[in-house]
Structure formats: C-alpha cells, structure tokens
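A short write-up of the structure that comes next.
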Number of protein chains: 2
Amino acid sequence: MPEEKPYHHGDLRRALLDAALRVIAEGGVAGLTLREVARQAGVSHNAPYHHFADKAALVTALVDEGFAQFAKTMQFAYDAATGSALDKMVSVGVAYVRFAMEHPAQFRLMFRPELRASDGCLPLKHADVPETSSGYEVVIRALQAAQREGLVAEGDIDHLALAAWSTVHGLADLILDGNRDIASTPEEATALARMTVEVMVHGLAKRP
Amino acid sequence: MPEEKPYHHGDLRRALLDAALRVIAEGGVAGLTLREVARQAGVSHNAPYHHFADKAALVTALVDEGFAQFAKTMQFAYDAATGSALDKMVSVGVAYVRFAMEHPAQFRLMFRPELRASDGCLPLKHADVPETSSGYEVVIRALQAAQREGLVAEGDIDHLALAAWSTVHGLADLILDGNRDIASTPEEATALARMTVEVMVHGLAKRP
DNA sequence: CGGCAAATGTGGACAACGTCAAGATGCATT
DNA sequence: AATGCATCTTGACGTTGTCCACATTTGCCG
C-alpha cells in the first residue's frame, strides 16, 4: 500500500481515515458512509476510490490501525504494571476494556467481520500485527509468566487465554452496546473491569 | 401489537420475520434488506410497511423474539441441569454459547443496538421479557442459590453476574465473529464453553 | 527543459436501498 | 348491499456504493 507522497490534497488517505472515525463517533457504525466521509474530508464522492478499493477496504484499513494501536496499548499495560504476573494480567484486562471505551469506533469495527473485507483473518490473530506482538500474544505471555511464578494452574494455555480474553471482551462489548448504562465513564469502566477481571482470576467458587 | 387475523396473505408479519432470519442466515446482518425480505416473502417492496413502521422496527421485533427465546433456553438449561448450583451455572453458561451458535442471526441482532429502534433498553434487561424471567435473572438466581449452598463467595451479586455473563458473552461473540475458526460446530463450541466457564468458576489463579 | 504517463480528483450515471404518497383490492360489520 | 378499514401494489424521491469518462496535477525521463 504505497501512500507516502500525495499529489493534490496533502494526505487524503489519512484525512479519509480520520474523517471516518469522526463519522462513526458521531453517527455510529450504521452512519458510516463513504460519501459522508468524502464530504467531511472536503473532496468529491469519488475521491476515496483512489485510495481504497471500496468501503470495506476503508474499514479494513481502520481495523488494521485499530489492531496495531490495540496491541501497543496491551503491551504497554503489561510493561507498566508492577507486581506479580497476576497483577499484570489484571492490568492488561483493564487496559482492554479501557481501550474499548476510549476508542469505541475502532473497537466496534475490529470485531465486526461483516463490514471489513472478507480476508477471513481471525480477530485474535490479526494479519497486520506481527504474531509475536499481537494483543493476544501479550495475554499468552502474561499467563506463561504467571504459570512460571506458580500463580496460575497448569493447563492448556490457549484455553486459559481464551477464557480471560472472553471475559474482558464480553465486558467491553456489553458496556459499549448497553448505551453506556453499565458504565458511562472510563473511570467507571475501569473499576468494573478491575472487579470483573479479579473474579476471573480468583474464580466464582468460594476458596476453601 | 395486534396481528391475529391477516387478510390477504395469511400471516405476512410472521412470514416477514422468518424471511428476515433466512436472509441474515444467508447474507449476514449486512445483507439484511427490507426489499429482499419482501421478495423472499413474495410480496411487494412496500408490504412490510403495513406490519412494521420501518426497518428498525422489524429488527426490534426479531430482537424481542430472540430475547424471549433466549430467556427460555437459559431457564431450561438451569432447570434441566443436575448437581450443585455451580453445576447449574456451568450448564447455563454452556447454553448461552450454544444459543449463539444455533441462532446466530438473532444473537447478532440482540446485541447490536445500532440496528434496532432506539428505545434505549439494556440488553441485559430487555423490556419484552418479564424482569423475573430474563436470561440475566436466571444467572442471578443461580448465583444466589450457589451462595446459599456456600459454593460461591459472598459479594455483590451483580458484579459476579456481570463477570459470568461477560465471559460467556465474550466467548460467544468471539466464536461468531471469528468466522467459526475458534469453534466450527455446536459440539466444539459446547466443549469450549464448558472449559471456559469452568475457568471462570474456579479462577485462573492456582488453588492452594 | 519539455512532454508524457501515472497518480489523483471531478462529474455524471446506474442499480439498489429506505421511505413516502396515492391508488387498488379484499374482508367485516352494519 | 354499502361503507370502512386493513392490506397490498405501483410509482416516486433522495441517498448510497460503485462504475465510467474526463480533467488536472505530479514525477520522471529523454
């Protein structure tokens, strides 16, 4: 994808992506329209077609950016957290939900396959992010570290990771789709996420 | 909503709802089109407007049906499960994921607020289902029973329920959105759900 | 330095969509 | 039998995604 030196506009590709995020932020995913994006960027309704094959391609580009940004956020949460590997797990989980709250447009797009180009890629292992630095890998490594520290029971690491991922993903989805009635501010969401992740870590069942 | 005695068609409202589910099953949520629904039902492109105010109203009707069906499924899973209240929890969680696998069209619609009429209702407490028999209430009651049996630690029941719900909801969402690569059959999904729910019940952390 | 090809942007066109308006058709009640 | 309402059809309008033909700018190459 060569888009380094734009000719007429300046950087229309970038402007279109930003405009698309703005449009989604204002009108939701359903309100995302190629023509409206072009309008907001101040170009004709056909200009986008010189930068994206079609609407799905634009969405896919946003998704790619989202996953890259997302992986960075997860890695940062992991690195910044102090304490045991379990504490790092909690930190990563909270960061997941915070990311959804702070980037709802990208997050909704990232896990909505009917909009993006059907390249069949898995959300958990997105092509645009090197396998070893995806958000999913961060969870895997955190779990492995916790296992090494003897804090997490042995067991199929993929199952454990899927369970942990499901929990934060589900919470994020519910918060976003619930019209923010579950948690209306990032702070509330953070508190909720912390409690939820800690339930996942320690389990529903009473400890003996 | 009075639709007992149809005049010309037989029961066009019902036929439209069924056709809509078929359309979604074939072309995904993005392919859901009022005109295509009408076509599949064998009526003109405007006939639906005598049964639904607009497209969102049709979707809302599907969502309502979905939540009712869903609540029944959850209740049945709870009643049918044998063993402790924790076993019942697992059964309900598995039923959640199975429902998503077996009714993907409804499930996707149910948790996608941008499509339905903006009545601001929460997914977890849907208006069409009596408060005391919603799927969420089943989880609440299961948790309360487990607490009474001393199997679940004391604590804010809403937080515990949200954590449990998030886990199965997230898993269902990931399975559905991952183009079925995580689990391609209901059987696989069931096995995965069982493992995931058990991780939630017992926790990631090693038991002493 | 001049000119050409590719990259970029514009306008018009078309089918499909959601929706509105107006007319036609059949059922039910009086 | 006649009236009235619920139901369905046809036609229209504005908007969307996408294709096409054309204009303009840019970088490159002789």
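Chain letters run A, B, ... following the sequence lines, proteins first and then strands; every chain starts at 1. These numbers come from the heavy atoms of this one structure, side chains and all, not from hydrogens, waters or symmetry mates.
- C:dC17 atom P lies 12 Å from atom CD of B:Gln40, rounded to whole Å.
- The salt bridge (Lys or Arg N to Asp or Glu O under 4.0 Å) pairs that include a residue from residues 51-63 of chain B number zero, where partners must be two or more places apart or lie in different chains.
- Put simply, the side chain of A:Ser84 gets close to the backbone of A:Leu86: a donor and an acceptor are under 3.5 Å apart.
- Side-chain contact check for B:Asp156 versus A:Met195: every heavy-atom pair is 4.5 Å or farther apart.
- Within the structure, the salt bridge (Lys or Arg N to Asp or Glu O under 4.0 Å) test picks out the following pairs touching residues 84-100 of chain A (sequence neighbours left out): A:Arg98-A:Glu102.
- For B:Glu36, the salt bridge (charged side-chain N to carboxylate O under 4.0 Å, His left out) test picks out B:Arg39, with sequence neighbours left out.
- A:Glu65 pairs by the salt bridge (charged side-chain N to carboxylate O under 4.0 Å, His left out) definition with A:Arg14, not counting sequence neighbours.
- For DNA chain D, no neighbouring residue in residues 15-24 of chain A is found when judged by any heavy atom under 4.0 Å.
- Annotation: salt bridge (charged side-chain N to carboxylate O under 4.0 Å, His left out) contacts of B:Glu114 (sequence neighbours excluded): A:Arg112.
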Step-by-step side chain to side chain donor-acceptor pair (under 3.5 Å) determination, B:Glu188 to B:Ser184: CA-CA 7 Å; B:Glu188 267 187 272; B:Ser184 48; 2.8 Å; yes
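- B:Tyr78 meets the ring pair (Phe, Tyr, Trp, His ring centres under 6.0 Å) test with no other residue; sequence neighbours excluded.
- Under the ring pair (Phe, Tyr, Trp, His ring centres under 6.0 Å) criterion, A:His45 pairs with no residue at all, not counting sequence neighbours.
- Summarising the geometry, the separation between CG on B:Asp11 and P on C:dC27 is reported as 15 Å, rounded to the nearest angstrom.
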Distances under 3.5 Å between protein N/O atoms and the N/O atoms of nucleotides 15-17 of chain D, please, pair by pair.
from	atom 1	to	atom 2	distance (Å)
D:dT16	OP2	A:Arg39	NH2	2.8
D:dG17	OP1	A:Leu34	N	2.9
D:dG17	OP2	A:Leu34	N	3.1
D:dG17	OP2	A:Arg35	N	3.1
D:dG17	N7	A:Arg35	NH1	2.4
D:dG17	O6	A:Arg35	NH1	3.1

Do any N or O atoms of the protein come closer than 3.5 Å to N or O atoms of nucleotides 21-24 of chain C, and which pairs are they?
from	atom 1	to	atom 2	distance (Å)
C:dA21	N6	B:Asn46	ND2	3.1

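- In this structure, the ring of A:Tyr96 has its center less than 6.0 angstrom from the ring center of A:Phe70.
- For the helix from C:dC1-D:dG30 to C:dT30-D:dA1, the axis fitted to the five pairs at one end and the axis fitted to the five pairs at the other end meet at an angle of 10° (nearest 10 degrees).
- Here the two rings, on B:His103 and B:Phe107, have centers that are 6.0 Å apart or farther.
- For residues 161-173 of chain A, there are no salt bridge (Lys or Arg N to Asp or Glu O under 4.0 Å) pairs, not counting sequence neighbours.
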